[in-house]
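Beneath this line is the structure, given in structure tokens, with notes to follow.
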Amino acid sequence: EALGQPLDRFIPHRFRNTHRTHVHTFGKSGKTTRKMGTLGAISGLRTDGQEFPMEASLSQTQTDGRTLYTVILRDISQRQRAEEALQANEARLKEAQHLAQIGNWELGLDTSALSWSEQVFRIFEIDPAEFGTSYEAFLNRVHPEDRDLVNEAYRTSLETREPYEIVHRLRMEDGRIKYVQERGKTFYDEATGRPLRSTGTVQDITTLKQTELRLETSLHEKETLLREVHHRVKNNLQIISSLRHFQAKKAQQGQEQSIFTEGQDRLRAMILLHELLYRST
């Protein structure tokens, strides 16, 4: 069905003039070949009218005063779908990292080259164009009091070949403090055991830590208030107990005396119960 048909039959209508112009220009260029993919993705037309993406290589030769063109086509529909799916996945990953305030990194141990995801740069508040990513440059962004702790955690992980997890501080240029939770692991050459690369994640947990700072303060205030209330209640009960004790001494023997004694016993039980409740967890 294809043999003898004009080439336009297999090209979407809106691209036909552009195609003719391109072939004409190529014929006048004096070049013999144009490699596959140098034209980028172009569109073909199936028998049922469906368009599909493809790549092409183009060559020309002179025979008996005539110019003959040879075109090799490659259907890239599947590859393009895979690329689009990959781009969609990367976009979803970026959005998820942004929402979770978490980014990923990778360190090549042969070259000391460090790569950060977009979210890591956001967490560190660094312009990618102005930051030479390396392990040393990363340590310089860590709070000075935490650098030895972070470095030791990573070095120990390399020696033990165990993943590590650490919470540490970052110091921003304006003096603000951020808290991050970092997790990482290293991959090794199976034959030599040499470490090849380390990968991991960094999550901004500043808000969480601030909520914990606030909770601890609130808890401390409540504990202080509870101690104050306990002492006041205890003192009041002791005063009441003392008053009843003196009243019991003045009471007549018999029923009146037993009433004061029973009340005194109940009061002591209340004091004991209150003390037990206060000391319990």
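FYI, the numbering just counts along the sequence from 1. Note that the structure is a prediction, hence the values are computed from the model and not measured.
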Which residues pass the salt bridge (Lys or Arg N to Asp or Glu O under 4.0 Å) test with Asp265, not counting sequence neighbours? Arg268
Testing the 3.5 Å rule here: is there a donor-acceptor pair between the side chains of Thr186 and Ser198? yes
Would you say that more than 12 heavy atoms from the other residues, nucleotides or ligands in this model lie under 6.0 Å from the CG of Asp148, or not? no
Who pairs with Arg194 by salt bridge (Lys or Arg N to Asp or Glu O under 4.0 Å), at least two apart in sequence or on another chain? Asp110
Of all residues at least two apart in sequence or in a different chain, which pass the side chain to side chain donor-acceptor pair (under 3.5 Å) check with Thr156? Glu152
Would you say Pro144 and Arg171 make side-chain contact, with heavy atoms under 4.5 Å? yes
Distance only, no hydrogens: is a donor on one side chain within 3.5 Å (strictly under) of an acceptor on the other, for Tyr164 and Glu182? yes
Rounded to the nearest 0.5 Å, how far apart are OG of Ser115 and CG of Leu107? 8.5 Å
Count the heavy atoms of every other residue, nucleotide or ligand shown that sit under 6.0 Å from CZ of Arg266, and state whether that count exceeds 12. no
How many angstroms lie between CD in Glu106 and CZ in Phe187, if you round to the nearest 0.5 Å? 8.0 Å
Side-chain touch Leu219/Glu216, heavy atoms, less than 4.5 angstrom: no
Could you tell me whether the side chain of Arg169 reaches within less than 4.5 Å of the side chain of Lys178, counting heavy atoms only? no
May I ask you to check whether Gln62 and Thr67 show a side-chain donor-acceptor distance below 3.5 Å? yes
How close do Thr211 and Arg214 get, heavy atom to heavy atom, and via which atoms? OG1-NH2, 3.1 Å
Ring pair (Phe, Tyr, Trp, His ring centres under 6.0 Å) pairs touching residues 69-122, sequence neighbours excluded, are Trp116-Phe121, Trp116-Phe124, Trp116-Phe131
From Gln101 atom CD to Gln181 atom CD, the distance as rounded to the nearest 0.5 Å: 13.0 Å
Is it the case that atom CG in Leu276 sees more than 12 heavy atoms from other parts of the structure closer than 6.0 Å? yes
No-hydrogen, no-angle side-chain donor-acceptor test under 3.5 Å, Ser241 and Gln264: yes
Approximate separation, where rounding is to 0.5 Å, of Tyr188 OH and Leu109 CG: 8.5 Å
Does Ile11 share a hydrophobic cluster with Leu58, counting links as ILVMFWY side-chain heavy atoms below 4.5 Å and allowing steps through other members? no
Please walk me through it: do Ile126 and Arg141 pass side-chain contact (heavy atoms from CB on, under 4.5 Å)? CA-CA 10 Å; Ile126 293 175; Arg141 303 298 295 188; 3.4 Å; yes
Kindly indicate, with the supporting measurements, whether the criterion side-chain hydrogen bond (donor to acceptor under 3.5 Å, both in side chains) is fulfilled by Arg66 and Thr63. CA-CA 5 Å; Arg66 301 170 60 204; Thr63 303; over 6 Å; no
Is Lys94 salt-bridged to Glu90, cutoff N-O under 4.0 Å? no
Which ILVMFWY residues are connected to Ile177, directly or by a chain of links, through side-chain heavy atoms under 4.5 Å apart? Val167, Tyr179, Ile205, Leu208
Can you list the residues that meet the salt bridge (Lys or Arg N to Asp or Glu O under 4.0 Å) rule with Glu228, with sequence neighbours excluded? Arg232
Does Ser157 reach the main-chain N or O of Ala153 with its side chain, forming a donor-acceptor pair under 3.5 Å? no
Supply the atom-to-atom distance Gln60 CD to Lys31 NZ, rounded to the nearest 0.5 angstrom. 10.5 Å
Transitive ILVMFWY side-chain link Leu45 to Leu7, under 4.5 Å: no
Tell me whether Asp64 at atom CG has more than 12 heavy atoms from other residues, nucleotides or ligands lying less than 6.0 Å away. no
Within this structure, what is the CD1-CG distance for the pair Ile123 and Leu170, rounded to the nearest 0.5 Å? 8.5 Å
Would you say that more than 12 heavy atoms from the other residues, nucleotides or ligands in this model lie under 6.0 Å from the CD of Glu223, or not? yes
Cut-off 3.5 Å, no hydrogens considered: what does the side-chain donor-acceptor table look like for residues 76-86, sequence neighbours left out?
from	atom 1	to	atom 2	distance (Å)
Ser77	OG	Asp75	OD1	2.6
Arg79	NH2	Glu55	OE2	2.6

Evaluate the criterion salt bridge (Lys or Arg N to Asp or Glu O under 4.0 Å) for residue pair Glu159 and Arg155; output intermediate values, then yes/no. CA-CA 6 Å; Glu159 293 174 2; Arg155 298 301 178 191; over 6 Å; no
Please name all residues satisfying side chain to side chain donor-acceptor pair (under 3.5 Å) with His274, sequence neighbours left out, ordered by chain then number. His230
Clusters formed by hydrophobic residues whose side-chain heavy atoms approach within less than 4.5 Å: which one holds Leu277, and what are its other members? Leu273
Please answer: with hydrophobic residues joined when any side-chain heavy atoms are less than 4.5 Å apart, are Met172 and Val142 in the same cluster? yes
Quick test of your reading of the model: are Arg46 and Glu51 salt-bridged, counting only N-O distances below 4.0 Å? no
Exercise: identify the closest heavy-atom pair between Lys35 and Ser57: C-CB, 4.0 Å
Do you know the tightest heavy-atom contact between Gly263 and Arg244? CA-NH2, 3.6 Å
Side chain proximity check, Val180 to Gln203, heavy atoms < 4.5 angstrom: no
Within a strict 4.5 Å, meaning less than it, do heavy atoms of the Val202 and Arg183 side chains meet? no
Closer than 4.0 angstrom, basic N to acidic O: yes or no for Arg122 and Asp204? no
Is there a donor-acceptor pair under 3.5 Å between the side chain of Asn235 and the backbone N or O of His231? yes
Taking all non-hydrogen atoms of both residues, which atom of Gly103 and which atom of Ser117 are closest, and how far apart? CA-OG, 3.4 Å
With a sphere of 6.0 Å drawn around CZ of Arg74, does it hold more than 12 non-hydrogen atoms of other residues, nucleotides or ligands? no
Taking the side chain as everything from C-beta on, heavy atoms only, tell me whether Ile102 gets closer than 4.5 Å to Gln119. no
With sequence neighbours left out, write down each residue that passes salt bridge (Lys or Arg N to Asp or Glu O under 4.0 Å) with Asp174, or none if nothing qualifies. Arg176
Apart from Tyr278 itself, members of its ILVMFWY cluster (side-chain separation under 4.5 Å) are Leu226
Any side-chain heavy atom of Phe15 sitting closer than 4.5 Å to one from Ile42? no
When clusters are formed from ILVMFWY side-chain contacts under 4.5 Å, directly or step by step, what else is grouped with Leu237? Leu225, Val229, Val233, Ile240, Leu267, Met270, Ile271
In the structure I gave you, are the side-chain heavy atoms of Ile166 and Leu149 within less than 4.5 Å of one another anywhere? yes
Same cluster for Leu73 and Phe26 if Ile/Leu/Val/Met/Phe/Trp/Tyr side chains link at under 4.5 Å? yes
